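Basis for what follows: all heavy atoms, side chains included, without hydrogens, waters or symmetry-related copies. Predicted model only: the values in this text are computed from it and were never measured. Residue numbers count from 1 along this sequence.
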Amino acid sequence: MKSEVNGLKIVFMGTPDFAVPSLKALHAAGHEIVACITKEDAPKGRKMILTPPPVKVAAEELGISVYQPKTLRDEAFAELLATLDPELIAVVAFGKILPVNVLDYPKYGCINVHGSLLPEYRGAAPMQRVIMDGKPVTGITTMYMADGVDTGDMLLKKEHKIGENETYGEMSEILSQMGAELLVETVALALEGKLVRIRQDDSLATHAAKIDRAEEELNFAESAQVCHNRIRALSPAPMCRAYMPSGSLLKIAKTYVASEKTDAAPGTVICADKCLHIACGGGTVLGVSELVPEGKQKMAAADYLRGRKLFCGDILRGKKE
């Protein structure tokens with residue numbers, strides 16, 4: 001049955017916080033969300049407490065049935081899909097590849113919300129990579145899903161100008177809301193038969209690979225801008241790492257590129273009073289505004305410095321020796 005406002009029967013697939021606004025927006029728009037498919041509960045935090053995905057929590061609050069299959073490729077899921085019988089599948093940061101039989105099932109196809117301006121930044125970490133690369137603009141693309149990684153025909157796009165100090169966390173929140181709005185618009189056009197498919201130019205495609213743990217290590221021999229971009233891209237998690245002269249870990253949460261220049265060796269602390277400034281490659285200087293000392297909570301760099309844990313002339317390193 002269709003909803004009273006003539007919406008579509010939709011199965012929603014998604015997992016993290018980024019997907020929640022899209023789920024809520026489709027529900028508010030009057031579509032019949034017949035089920036949410038999400039990943040299994042996973043252990044989180046130091047105590048490894050089994051925790052449900054954010055989409056599961058949001059779906060249950062909305063009274064939507066939740067399924068957490070281990071695989072989409074067995075007969076059990078095929079039978080579930082037939083029982084749910086969706087007219088459209090909406091996919092937002094689900095985290096699993098959809099097999100062809102799922103892609104081909106719904107009348108209105110499988111529509112995905114992707115966190116980049118395709119065909120740039122196909123893959124697992126588009127928002128982190130666009131910041132790491134120092135790009136000034138990104139955005140959201142809605143697309144029909146195909147048998148490939150983010151290769152399907154594009155539908156709608158919306159741009160976002162990236163702030164010079166904008167972090168991945170801040171961008172994710174902005175793009176999640178933008179994606180929700182664009183998804184609702186896309187689904188409305190699908191229902192009206194007014195969607196225009198635009199093929200991606202594969203020659204312009206770039207790949208946004210999953211973040212590797214080694215990329216969390218700072219290399220102060222790189223310019224302050226490169227270090228700043230890496231820190232922004234990995235904040236609030238997993239955050240970039242540096243090590244103090246004592247060997248203790250210092251995670252860097254927020255930074256800025258200082259205007260001053262220095263001839264100090266990369267990694268040298270050149271100011272440790274009211275501000276924390278670190279020499280980087282090419283005579284550039286990185287300012288640190290927020291950090292996480294080992295075993296502590298996030299704090300302002302100025303508060304940390306009042307404890308006199310760092311001094312001018314100390315050397316910070318990206319790798320533990």
Enter the distance from R197:CZ to D153:CG here, rounded to the nearest 0.5 Å. 4.5 Å
Distance (rounded to the nearest 0.5 Å) between L155 CG and T141 OG1: 9.5 Å
Would you indicate whether the side-chain heavy atoms of P53 and D41 approach each other to under 4.5 Å? yes
Validation row: M127, S116 side chains within 4.5 angstrom (heavy atoms): no
T206 side chain vs Y121 backbone, donor-acceptor pair below 3.5 Å: yes
Tell me whether Q68 at atom CD has more than 12 heavy atoms from other residues, nucleotides or ligands lying less than 6.0 Å away. yes
Flag if over 12 foreign heavy atoms under 6.0 Å of NZ, K96: yes
To the nearest 0.5 Å, tell me how far L191 CG sits from L88 CG. 9.5 Å
Set out, in order, the CA-CA distance, both residues' side-chain angles and the distance that settles side-chain contact (heavy atoms from CB on, under 4.5 Å) for L234 and M132, then state yes or no. CA-CA 9 Å; L234 302 186; M132 201 176 291; 4.1 Å; yes
If you measure only the distance, is there a donor-acceptor pair under 3.5 Å linking the side chains of E166 and H160? yes
Establish whether F94 and L103 are linked, either directly or via other cluster members, by ILVMFWY side-chain heavy-atom contacts under 4.5 Å. yes
Would you say the side chain of D104 lies within less than 4.5 Å of the side chain of C110, judging by non-hydrogen atoms? no
Check Y256 against H277 and note the closest heavy-atom contact, atom names and distance. OH-NE2, 2.8 Å
Any donor-acceptor pair under 3.5 Å linking the side chain of S65 with the backbone of A35? no
Student check: side-chain heavy atoms of V92 and M13 closer than 4.5 Å: no
Is there a path of hydrophobic side-chain contacts, each under 4.5 Å between heavy atoms of I/L/V/M/F/W/Y residues, joining L26 to I140? yes
Checking H31 against F12 for the ring pair (Phe, Tyr, Trp, His ring centres under 6.0 Å) test, could you report, in this order, the C-alpha distance in whole Å, the side-chain angles of both residues, the deciding distance, and whether it holds? CA-CA 11 Å; H31 297 290; F12 185 89; over 10 Å; no
Candidate pair Y144 and N112, rule side chain to side chain donor-acceptor pair (under 3.5 Å), full reasoning: CA-CA 6 Å; Y144 277 122; N112 176 241; over 6 Å; no
Counting only heavy atoms not in D263, do more than 12 fall under 6.0 Å of its CG? no
So L250 and V292, do their side chains get closer than 4.5 Å, heavy atoms only? no
Pair L189-L156, side-chain contact (heavy atoms from CB on, under 4.5 Å): steps then yes or no: CA-CA 10 Å; L189 290 172; L156 302 181; 4.1 Å; yes
Please confirm whether the backbone N or O of R232 pairs with a side-chain atom of S235, one donor and one acceptor, at under 3.5 Å? no
Going from CE on M239 to CZ on R230, what distance comes out if it is rounded to the nearest 0.5 angstrom? 15.5 Å
Applying salt bridge (charged side-chain N to carboxylate O under 4.0 Å, His left out), can you list everything that pairs with D85, at least two apart in sequence or on another chain? none
Donor-acceptor check, side chain of K157 to backbone of L118, threshold 3.5 angstrom: yes or no? yes
Residue pair E60, V66: steps toward the side-chain contact (heavy atoms from CB on, under 4.5 Å) verdict: CA-CA 7 Å; E60 290 178 341; V66 176; 4.0 Å; yes
Would you check if the side chain of S172 reaches a backbone N or O of Y168 as a donor-acceptor pair within less than 3.5 Å? no
Salt bridge check, D150 against R122: does any charged N sit closer than 4.0 Å to a carboxylate O? no
Please check if any side-chain donor atom of T142 sits under 3.5 Å from a side-chain acceptor atom of T186, or the reverse. yes
Non-hydrogen atoms of T262 and A279 that approach each other most closely: CG2-CB, 3.7 Å
Supply the atom-to-atom distance L98 CG to I37 CD1, rounded to the nearest 0.5 angstrom. 10.0 Å
Quick one: does T83's side chain have a donor or acceptor within less than 3.5 Å of a partner on E79's backbone? yes
Heavy-atom closest pair, residues E215 and R129: OE2-NH1, 2.6 Å
Side-chain contact, heavy-atom cut-off 4.5 Å: M171 with I162? yes
Check whether any side-chain heavy atom of M178 sits under 4.5 Å from a side-chain heavy atom of L182, and report yes or no. no
Say whether V91 and V187 are linked into one hydrophobic cluster, either directly or through other cluster members, by side-chain heavy-atom distances under 4.5 angstrom. no
Assess the side chains of H228 and T255: does a donor N or O sit below 3.5 Å from an acceptor N or O? yes
What heavy-atom pair brings A242 and L218 nearest, and what distance separates the two atoms? CB-CD1, 4.5 Å
Same hydrophobic cluster for V57 and V55, using side-chain heavy-atom links shorter than 4.5 Å among ILVMFWY? no
Please tell me if the side chains of K70 and F77 come closer than 4.5 Å, counting only heavy atoms from C-beta onward. no
Tell me whether K254 is salt-bridged to E170, with the criterion being a basic N under 4.0 Å from an acidic carboxylate O. yes
Run the side-chain contact (heavy atoms from CB on, under 4.5 Å) check on I315 and Y243 step by step: do they pass? CA-CA 9 Å; I315 303 292; Y243 292 91; over 6 Å; no
Honestly curious: do V113 and I89 fall in one hydrophobic cluster under the side-chain, below-4.5 Å linking rule? no
Is K9 paired with E87 through a side-chain N to carboxylate O contact shorter than 4.0 Å? no
Distance check, rounded to the nearest 0.5 Å: D133 atom CG versus E120 atom CD? 9.5 Å
Exercise: identify the closest heavy-atom pair between L175 and G115: CD1-O, 4.3 Å
Does CD belonging to E173 count more than 12 external heavy atoms closer than 6.0 Å? no
Which heavy atom in G152 sits nearest to a heavy atom in A146, and how many Å separate them? CA-CB, 3.8 Å
